[in-house]
Amino acid sequence: MENWNDLRICLALHRFGTMSAAASYIGANVATVSRRIHKLSEEMGQPLFTKKGVIWTATPFAMHFISWAEQTEWRLADLSEKQNADITSVIVRLDETTRGSVAMSGISALAAERPDLNVTFTTLDGASRGGDIQCALSCNALEDMDLMQVPVGHVRRAVWCGANFQKDLRGWVKVGSARRDERLHAALHQAFGAPTVVTEDVSGVMDIVRKNPLVVVLPVDLALSQRGLRLVDSFPVIEDEVYLYLPTIRENEQLGQDLIAATRKSLCTEDNALVLPRLALAAVS
């Protein structure tokens, strides 16, 4: 057993007794915890836990590792408490769905309220920098056992057009290759055929649909912040759950709680966002 992730899994299962409770505590799914426990037992050459009903009990052999885990957890918590006062920056990793969402605005607003705090947004595969809090906003389950998973809201994506072309829509714009838009892209392809324009420029696409009889898939919060766009409700609105991933050792720190509150507050503003007049798709030529 070579790393803290393995120790945490054993410690969580020992404390909570069931796979589901242990998975919930460490922010993973049951299948991941089960797979890791069985793999660790194979690597050690003997069982780490025995099962009776749904309850898992640590073997005497496993208790050696659990003791190490408890000591490591205490030392990490102590170190985190001492270093917390020196934290001046947070790196927030974003997936393709959360990039450009209102959650980014919520975290930016938190940074604006704290002059000592710098926030950097980057992609999920961005480089690490030591000494910063590393967290993530994602609609996908992350397997990193050092991160706890906190549901913070949802993001919606829908089809939009320019206000001046509501009755004369002739094609569509495809932005990048976002996998989560495949359902809407398929519907647009069926309605209009191949995309009229393909672009990677999310910021410029709003201007394209304002000036042309084209539709495009956009995040709801982004489209609502723009002038001159209308929702085309002949196409569905797709919704994705958003999770904030934070280092487990920072679960009870004030900054961690502030990040959770900021993202939840920003994302909940979408709940009543679609109250504007909707546009039914006119006949497509």
Side-chain angles (χ1 to χ4, degrees), residues 94-109 121-124 137-140 151-243 263-285:
L94 305 163
D95 66 8
E96 62 182 17
T97 304
T98 56
R99 286 198 294 271
S101 72
V102 289
M104 292 179 65
S105 299
I107 295 176
S108 298
F121 294 106
T122 185
T123 59
L124 274 170
L137 271 174
S138 178
C139 296
N140 301 309
V152 289
H154 53 260
V155 291
R156 297 187 181 102
R157 301 179 69 81
V159 176
W160 302 81
C161 71
N164 295 330
F165 301 98
Q166 300 177 29
K167 297 181 180 180
D168 185 29
L169 299 174
R170 302 178 185 177
W172 64 290
V173 182
K174 183 177 182 181
V175 183
S177 57
R179 291 186 299 274
R180 292 185 181 278
D181 290 340
E182 286 179 354
R183 177 185 171 194
L184 288 175
H185 285 171
L188 291 174
H189 195 283
Q190 182 176 6
F192 298 103
T196 308
V197 177
V198 178
T199 179
E200 298 287 342
D201 182 10
V202 178
S203 60
V205 77
M206 273 80 75
D207 196 45
I208 292 176
V209 298
R210 287 193 195 98
K211 298 178 179 179
N212 298 277
L214 306 173
V215 298
V216 67
V217 178
L218 292 172
V220 168
D221 56 273
L222 176 61
L224 289 173
S225 69
Q226 305 295 314
R227 293 179 178 271
L229 297 182
R230 295 293 184 270
L231 176 69
V232 184
D233 71 350
S234 296
F235 298 97
V237 176
I238 57 176
E239 180 176 294
D240 287 297
E241 188 77 20
V242 179
Y243 300 96
T263 50
R264 281 179 171 165
K265 181 179 179 180
S266 60
L267 289 170
C268 78
T269 60
E270 274 199 2
D271 289 342
N272 297 313
L274 294 179
V275 295
L276 75 169
R278 296 181 172 218
L279 166 67
L281 181 64
V284 177
S285 58

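Listed by chain and number, the residues in a salt bridge (charged side-chain N to carboxylate O under 4.0 Å, His left out) with E239 are R156 (sequence neighbours excluded). With sequence neighbours left out, S105 forms a side-chain contact (heavy atoms from CB on, under 4.5 Å) with no residue at all. Every side-chain hydrogen bond (donor to acceptor under 3.5 Å, both in side chains) that T98 has, sequence neighbours left out, goes to D95. Qualifying side-chain hydrogen bond (donor to acceptor under 3.5 Å, both in side chains) partners for N140, counting only residues two or more places apart in sequence or in other chains: R180. By the side-chain contact (heavy atoms from CB on, under 4.5 Å) test, N212 is found to be paired with I208, L214, residues two or more places apart in sequence or in another chain being considered. With sequence neighbours left out, A187 forms a side-chain contact (heavy atoms from CB on, under 4.5 Å) with F235. For Q226, the side-chain contact (heavy atoms from CB on, under 4.5 Å) partners at least two apart in sequence or on another chain are M206, R210, L222, L229.
Residues L169 and F192 meet the side-chain proximity criterion, which asks for heavy atoms closer than 4.5 Å. For the pair T263 and I107, the minimum side-chain heavy-atom distance is below 4.5 Å. At a threshold of 4.5 Å between non-hydrogen side-chain atoms, the residues V155 and L267 count as touching. A heavy-atom distance below 4.5 Å is not found between the side chains of V197 and V216. Using a 4.5 Å heavy-atom cutoff, the side chains of P195 and W172 are in contact.
Between P151 and E241, the closest heavy-atom pair is CB-OE2, 3.8 Å. The two residues G106 and S266 make their nearest non-hydrogen contact at CA-CB, 3.8 Å. Residues Q166 and A163 share a closest heavy-atom pair of NE2-O, 3.0 Å.
Taking CG from L184 and CZ from R157, the interatomic distance works out to 8.5 Å, rounded to the nearest 0.5 Å. Atom CG of L231 is separated from atom CH2 of W160 by 4.5 Å, given to the nearest 0.5 angstrom. Here the NZ-CD distance, from K174 to E200, works out to 9.5 Å after rounding to the nearest 0.5 Å.
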Fill in: side chain to side chain contact (heavy atoms under 4.5 Å, CB included) evaluation trace for V217 with V175
CA-CA 8 Å; V217 178; V175 183; over 6 Å; no

Worksheet item: Where do V209 and C161 land on the side chain to side chain contact (heavy atoms under 4.5 Å, CB included) test, with the steps shown first?
Response: CA-CA 6 Å; V209 298; C161 71; 5.8 Å; no

Worksheet item: Can F165 and R230 be said to form a side chain to side chain contact (heavy atoms under 4.5 Å, CB included), step by step?
Response: CA-CA 9 Å; F165 301 98; R230 295 293 184 270; over 6 Å; no

